[in-house]
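Down below is the structure, laid out as structure tokens.
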Amino acid sequence: MSDCRFVMNVKGIGVALIPRIFFQRKLKDIFSDILKYDAKNLAYISERVGYYNKINSDFSKDLQACHEKEKIGKLPFKKTSLAYDGYKISKYFKDDLLWVKKYGDINCTFCPPPSHL
């Protein structure tokens, strides 16, 4: 078991050492490739995104008020296997974007605002 964890950490750290700019430059091409899919596949992708993304409004104020936010480019070493999974996606986006990471079954959209506001 520890061998698997060691390999996972080596791979995760290895990918994290590659400058994110290389992945960020690919994002436009990835979206261009997606737009070449046929209507059936695009409808399926839209359905899946809609299933997971329940946010249909500007949420920047909610995100700014949340204490758990952090820059997307940060790679924490807590809950490493989940952090590496998140990094597989986050590496394509600008480092200064903010996100709130939640692990497990999440049933809320945003963390509640601080009680002193």
Side-chain angles (χ1 to χ4, degrees):
M1 181 67 158
S2 64
D3 290 339
C4 292
R5 190 149 187 84
F6 175 76
V7 170
M8 176 199 65
N9 283 314
V10 168
K11 286 181 180 179
I13 292 168
V15 170
L17 292 175
I18 299 171
R20 293 169 57 91
I21 191 72
F22 293 118
F23 299 107
Q24 293 166 0
R25 288 181 181 164
K26 290 182 176 183
L27 187 60
K28 186 176 180 180
D29 293 334
I30 290 169
F31 283 129
S32 293
D33 289 344
I34 290 171
L35 292 175
K36 294 176 186 174
Y37 291 176
D38 62 35
K40 183 179 178 182
N41 284 328
L42 287 173
Y44 178 74
I45 291 169
S46 179
E47 177 185 330
R48 298 305 300 163
V49 169
Y51 176 80
Y52 289 104
N53 180 24
K54 304 297 184 198
I55 304 166
N56 294 316
S57 62
D58 182 6
F59 56 89
S60 57
K61 289 179 186 173
D62 295 326
L63 184 59
Q64 291 300 327
C66 184
H67 290 294
E68 300 172 18
K69 68 182 178 290
E70 62 184 44
K71 289 188 176 183
I72 201 168
K74 181 180 175 187
L75 182 64
F77 289 95
K78 293 179 184 175
K79 299 187 179 190
T80 53
S81 60
L82 296 171
Y84 296 142
D85 288 344
Y87 192 78
K88 287 178 187 176
I89 301 300
S90 71
K91 66 187 177 186
Y92 290 97
F93 297 94
K94 294 181 181 178
D95 296 347
D96 59 347
L97 290 177
L98 299 175
W99 69 348
V100 177
K101 294 180 292 197
K102 299 283 186 182
Y103 300 112
D105 291 333
I106 308 305
N107 60 8
C108 61
T109 306
F110 289 104
C111 54
S115 58
H116 66 279
L117 291 180

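Quantities reported herein were computed from a predicted structural model and do not represent experimental measurements. Residue numbers start at 1 and run along the sequence shown.
The minimum heavy-atom distance linking Tyr92 with Phe23 is given by the pair CD2-O, 3.1 Å. Lys91 and Gln24 make their closest contact through O-CG, 3.4 Å (heavy atoms, listed as atom of the first residue, atom of the second, distance). Residues Ser90 and Trp99 approach most closely at CB-CH2, 3.7 Å, considering heavy atoms.
Among residues two or more places apart in sequence or in another chain, the side chain to side chain contact (heavy atoms under 4.5 Å, CB included) test is passed with Lys69 by Leu63, Gln64, Leu98, Val100. By the side chain to side chain donor-acceptor pair (under 3.5 Å) test, Arg25 pairs with no residue at all, sequence neighbours left out. Residues passing the side chain to side chain contact (heavy atoms under 4.5 Å, CB included) test with Phe22 are Ile18, Pro19, sequence neighbours excluded. Evaluation of the salt bridge (Lys or Arg N to Asp or Glu O under 4.0 Å) rule for Lys28 yields no partner, not counting sequence neighbours. Considering only residues two or more places apart in sequence or on other chains, Tyr51 meets the side chain to side chain donor-acceptor pair (under 3.5 Å) condition with none of them. Residues satisfying the side chain to side chain contact (heavy atoms under 4.5 Å, CB included) criterion with Ile34, sequence neighbours excluded, are Ile30, Phe31, Tyr37, Leu42, Ile45.
Between Asp33 and Lys36 a salt bridge is recorded (basic side-chain N to carboxylate O distance below 4.0 Å).
Rounding to the nearest 0.5 Å places CG of Asn41 at 12.5 Å from OG of Ser46. Between the NZ atom of Lys94 and the CD1 atom of Ile21 there is a distance of 9.0 Å, given to the nearest 0.5 Å.
Between the side chain of Arg20 and the main chain of Phe93, a donor-acceptor pair closer than 3.5 Å is present.
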